Student: 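One structure follows; several queries about it will come next.
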2 protein chains.
Amino acid sequence: MPPIKVKMLETEGGKGGAKAAPSKRPRAQTRIQREKQEVILEAALDVFSREGFRGATIDQIAEAAGMSKPNLLYYFPRKEEIYQRLLAEMLDIWLAPLREIDSVGDPVPELRSYLRRKLEMSRDYPRQSRLFANEMLQGAPRVLDMLETDLKALVDDKAKVIEGWMDAGKIVRTDPYHLIFSIWATTQHYADFDVQVRAVLGKDRGGEGRFEDAARFLENLFLHGLLPK
Amino acid sequence: MPPIKVKMLETEGGKGGAKAAPSKRPRAQTRIQREKQEVILEAALDVFSREGFRGATIDQIAEAAGMSKPNLLYYFPRKEEIYQRLLAEMLDIWLAPLREIDSVGDPVPELRSYLRRKLEMSRDYPRQSRLFANEMLQGAPRVLDMLETDLKALVDDKAKVIEGWMDAGKIVRTDPYHLIFSIWATTQHYADFDVQVRAVLGKDRGGEGRFEDAARFLENLFLHGLLPK
DNA sequence: TAACGTTTTTTCCAACTGGTCAAATTTCTG
DNA sequence: CAGAAATTTGACCAGTTGGAAAAAACGTTA
């Protein structure tokens, strides 16, 4: 499956955005270019994931990246471009766990591992999750196309896998789409609503252990539900 | 329980914000005042829930409300005030279902009804849900206090109720906090990630029926899980 | 070290932002 | 209807925003 593309306004070749150098052909990236771009993307992820696209300013990002605004604009000539890069990067890693769900595997280890992976992403990449959540809240203006095509196709495919498990009597017959939604929702909640989770758990239980508690709970919930057998 | 208060910068009496009229005592609200404030709050909910506090502009809100910016500022002299009003209003209705969980009731109807109510709120008040989600993504700067006090107290209380059900052997022993989180997550998902849900379900299944499907699915998930008995 | 490409800084700009103010207009009340 | 109060408008302002331009500083290599 090809990497997911976000609607780009103008792609302008892979040159990375340095606007000087109208030389014949695009030079290879400098060490400084690679490093600074990395620093900028890191800082931008911080700001965009908190404030959303409109709420974030280049000044904030530049300050977080420890450079001046024009200097930042030397590496990424548009605010939009930084955002798109982060979004595309994000979608790719974010959907990897779903792609890995295997049609030949057994449902219990497959679902368990999917849950675990998704939860680990919430723990290890919370800002990416919030960036995506922000985009969703805004109505997904930049990714709606790909949701309706790539994502839908992927989910359709995995829903079939799940239906296969049902046919084989390995799991209860239920709606595979809403099953996937509920896995997304429960796991991403620990990234997107992290403040709330920690506030409610309080000082004592709000440490990193919360992810293990969540993993244990979710596994039980999805496999057995709440009613005693 | 008293209605939840959001940290106000300066409350300036309940006078509603009309800045003229330095008469002796605050007059009662005009019909026009009530109506226009309603229109403004409605429009502001639209904009804030999409763009977040920083991303939203008074101009956008004014246009959505069909009035000029200075006219809007006549009713709500600060952008911040509109936002706080919406947030406080929201928290109140949003937590009502949780408050209603009854300690004497049986877990099955209680949880079922809680799920249903929360899902109905996502269906009927999606913008409020997104407003709240936006605030969370930003780190809850305006409601963190109340999350750590009021909300935590409420959840602590309901967690005890749930533990009582476990002690009575009526539901499986599990973590009540993560149970509540998972109910929040799964139900609010249908408001906050509505675009995604509809995109994935596609034209045919994306109609209003999705809420009934979700209700059915969630009820089964929470009660029985996925494994056949 | 001279020349050249790369990186950074300084200065600047037009559009937008939240908000003010006084004047004009509309609505209410006696 | 007259007067007062409430509402709306238009002009304005200072600060912020995304971004452009050019010059200065830096690094590399012949």
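A, B, ... follow the sequence lines: proteins, then strands. Residue 1 opens every chain. Source: prediction; values computed, not measured.
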Student: Quick one: which of D:dA20, D:dG10, C:dT17 gets closest to the side chain of B:Asp59?
Tutor: C:dT17
Student: When you check the phosphate oxygens OP1 and OP2 of D:dT8, does a side-chain N or O of B:Ser68 lie under 4.0 Å from one of them?
Tutor: no
Student: For B:Arg54 and C:dC16, what is the distance between atoms CZ and C1' respectively, to the nearest whole Å?
Tutor: 12 Å
Student: Roughly, in whole Å, what's the span from CD in A:Gln37 to P in C:dT6?
Tutor: 14 Å
Student: Figure out the CG/C1' separation between A:Leu73 and C:dT6, and round it to whole Å.
Tutor: 17 Å
Student: Should the heavy atoms of other residues, nucleotides or ligands under 6.0 Å from OH of B:Tyr125 be counted, would the total exceed 12?
Tutor: no
Student: Picking from D:dA21, C:dT7, C:dT17, which would you name as closest to the side chain of B:Thr57?
Tutor: C:dT17
Student: Rounding to a whole Å, what distance do you find between A:Glu51:CD and D:dT16:P?
Tutor: 16 Å
Student: Consider the side chain of A:Asn71, meaning its heavy atoms from C-beta on, and name the nucleotide among C:dT9, D:dG10, D:dT7 that approaches it most closely.
Tutor: C:dT9
Student: Strictly below 4.0 Å: does B:Lys36 bring a side-chain N or O up to OP1 or OP2 of D:dT8?
Tutor: yes
Student: Would the distance check show the side chain of A:Asp175 and the main-chain N or O of B:Phe217 forming a donor-acceptor pair, the cut-off being under 3.5 Å?
Tutor: no
Student: In this structure, how many angstroms lie between the P atom of C:dT7 and the CZ atom of A:Phe76, rounded?
Tutor: 13 Å
Student: If you pin B:Lys69 and A:Lys69 to their nearest nucleotides in DNA chain D, which one's is more 5'?
Tutor: B:Lys69
Student: So, OP1 or OP2 of D:dG18: does either fall under 4.0 Å of a side-chain N or O from A:Arg78?
Tutor: no
Student: Taking the side chain as every heavy atom from C-beta outward, state whether A:Arg210 and A:Arg205 have any pair of such atoms under 4.5 Å apart.
Tutor: no
Student: Check every atom of C:dC21, D:dA20, D:dG18 against the side chain of A:Pro70 and return the nucleotide holding the closest atom.
Tutor: D:dA20
Student: On DNA chain C, check which nucleotide each of A:Leu72 and B:Ile58 is closest to and give me the residue with the more 5' one.
Tutor: A:Leu72
Student: Under 4.0 Å, counting only non-hydrogen atoms across every strand here, what does A:Ala62 touch: a base, just sugar-phosphate, or nothing?
Tutor: nothing
Student: Are the side chains of A:Leu221 and B:Ser182 in contact, using a 4.5 Å heavy-atom criterion?
Tutor: yes
Student: How many Å lie between CD on B:Glu63 and P on D:dT8, as a whole number?
Tutor: 17 Å
Student: In whole Å, I'd like the distance from the OH atom of A:Tyr74 to the P atom of D:dA23.
Tutor: 17 Å
Student: Rounded to whole angstroms, how far apart are CD on B:Gln33 and P on C:dT26?
Tutor: 19 Å
Student: Find out whether A:Lys118 and A:Leu98 are in side-chain contact, i.e. whether some heavy atom of one side chain is under 4.5 Å from a heavy atom of the other.
Tutor: no
